[in-house]
2 protein chains.
Amino acid sequence: MQIGEISKKTGLSISTLRYYDKHGLLQNIDRSNGGIRKFDDKDLEALRIILCLKTSGMKISEIKQFMDWCSKGDTTIDKRLNMFYQQEKNINEQIDILNKSLKLIKFKQWYYETAKRDGTEKNVKDMNIDDYPDDIRKLYEETHTN
Amino acid sequence: MQIGEISKKTGLSISTLRYYDKHGLLQNIDRSNGGIRKFDDKDLEALRIILCLKTSGMKISEIKQFMDWCSKGDTTIDKRLNMFYQQEKNINEQIDILNKSLKLIKFKQWYYETAKRDGTEKNVKDMNIDDYPDDIRKLYEETHTN
DNA sequence: GCTTGACCTAAACCAAAGTTTAGATTGTAT
DNA sequence: ATACAATCTAAACTTTGGTTTAGGTCAAGC
């Protein structure tokens, strides 16, 4: 497979693929005699991991580190395993943060739904917290502490 | 409250707070006669939203758009409500992506745990998919389709 | 042999989200 | 009055993750 086909399969632009190659994320990609990159399934699998790590917030330089470990062989198995443990933690933290954001978003939805019904923000803005519906007050308290 | 105290309360650096102010995220912050910013609880509440929107992936320019709507009054209630609906969708999509990443991470944890036990990556690399444990094969199939 | 679309590199460019720097001002405490 | 920490601005700088541009090659079909 050539770079154009890989681009279509992964959704990454051709220039991004070349950028990743240049920065060491795609290690020992074959080349034709003329210098054209020849990708195989192993490269697609590497890209799957790269995309996974990238979308879960890992930096290019850290992904390169991992790829370097992969090339280095069995002596780095432990490092790679620990990286995946760490990345699991990172992802779970991100999900927690997103769920917390979601609570504030939900509260604001109620706030603006109320304002919309009233035709004005005034009433809901001046409303006493104790007069919020129970579930909304709970959201408010969870998102407005400390 | 002055900028240093707000910095401590929000965890944002002083320069970031000034950057946000400059880019219109903190609208009509009071100033002392000498020009020093005086923050109040309303500003802290605004920062709560700013942080929530930022950590859930919204760009500074989009957050500014929202703040501009807030300043514009009741005519923009609908736009603001819709923004919160849209942001809920965005967050849920992000969580989905993270959960998908988590599956590949889990698969790789098993892969490297096995390699670690064996002392080499060789066996597990060459292993037939049908010989994966059931739960792991499921993870593999969920993350290696299309 | 020639054309043509896909590919190549290096280097410049870009946007976002800040951070740093330099030099000036404020305002509180002694 | 003076010292001092905290604040101010404008402008330059930084990092990350690419994209764009310019000027070539490659290789398949006619």
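None of these values were measured; they are calculated from a predicted model. Chain identifiers are assigned alphabetically (A, B, ...) following the order of the sequence lines, protein sequences preceding nucleic acid strands; residue numbering begins at 1 within each chain.
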Measuring to OP1 and OP2 of C:dT19, would you say a side-chain N or O of B:S13 lies under 4.0 angstrom away? yes

For B:K116, the salt bridge (charged side-chain N to carboxylate O under 4.0 Å, His left out) test, sequence neighbours excluded, returns A:D78

With sequence neighbours left out, the residues meeting salt bridge (charged side-chain N to carboxylate O under 4.0 Å, His left out) with B:E62 are none

Atom CG of B:N33 and atom P of C:dT28 are separated, to the nearest Å, by 12 Å

Requested in this report: Look at A:S32 and D:dC26 and indicate whether a side-chain polar atom (N or O) is within less than 4.0 Å of OP1 or OP2.
Outcome: no

Note to self: Would you say the rings of A:F66 and A:F84 are close, in the sense that their centroids are separated by under 6.0 Å?
What the structure shows: yes

Look at the side-chain N and O atoms of B:Y20 and state whether any lies under 4.0 Å from the OP1 or OP2 oxygen of C:dG18.
yes

Residue set satisfying salt bridge (charged side-chain N to carboxylate O under 4.0 Å, His left out) with A:R18, at least two apart, ordered chain then number -> none

Quick one: which protein N/O atoms are closer than 3.5 Å to N/O atoms of nucleotides 20-24 of chain C? Pair and distance per line, please.
none

Strictly under 3.5 Å: I want the nitrogen or oxygen pairs between protein and nucleotides 4-12 of chain D, one per line.
residue : atom : partner : partner atom : Å
D:dT7   : OP1  : B:Q2    : NE2          : 3.3
D:dT7   : OP1  : B:G4    : N            : 3.0
D:dC8   : OP1  : B:R37   : N            : 2.9
D:dC8   : OP1  : B:R37   : NH1          : 2.8
D:dC8   : OP2  : B:R18   : NH1          : 2.6
D:dC8   : OP2  : B:R37   : NH1          : 3.1
D:dC8   : O5'  : B:R37   : NH1          : 3.4
D:dC8   : O3'  : B:R31   : NH1          : 3.3
D:dT9   : OP1  : B:R31   : NH1          : 3.0
D:dT9   : OP1  : B:R31   : NH2          : 3.0
D:dT9   : OP2  : B:R37   : NH1          : 3.4
D:dT9   : OP2  : B:R37   : NH2          : 2.8

So, with a heavy-atom separation below 4.0 Å from DNA chain C, the residues of residues 50-63 of chain B are B:K54, B:K59, B:I60

Given the rule in the salt bridge (charged side-chain N to carboxylate O under 4.0 Å, His left out) test, do B:D68 and B:K64 qualify, once you have shown the distances and angles that lead to the verdict? CA-CA 6 Å; B:D68 287 346; B:K64 175 180 170 13; 2.9 Å; yes

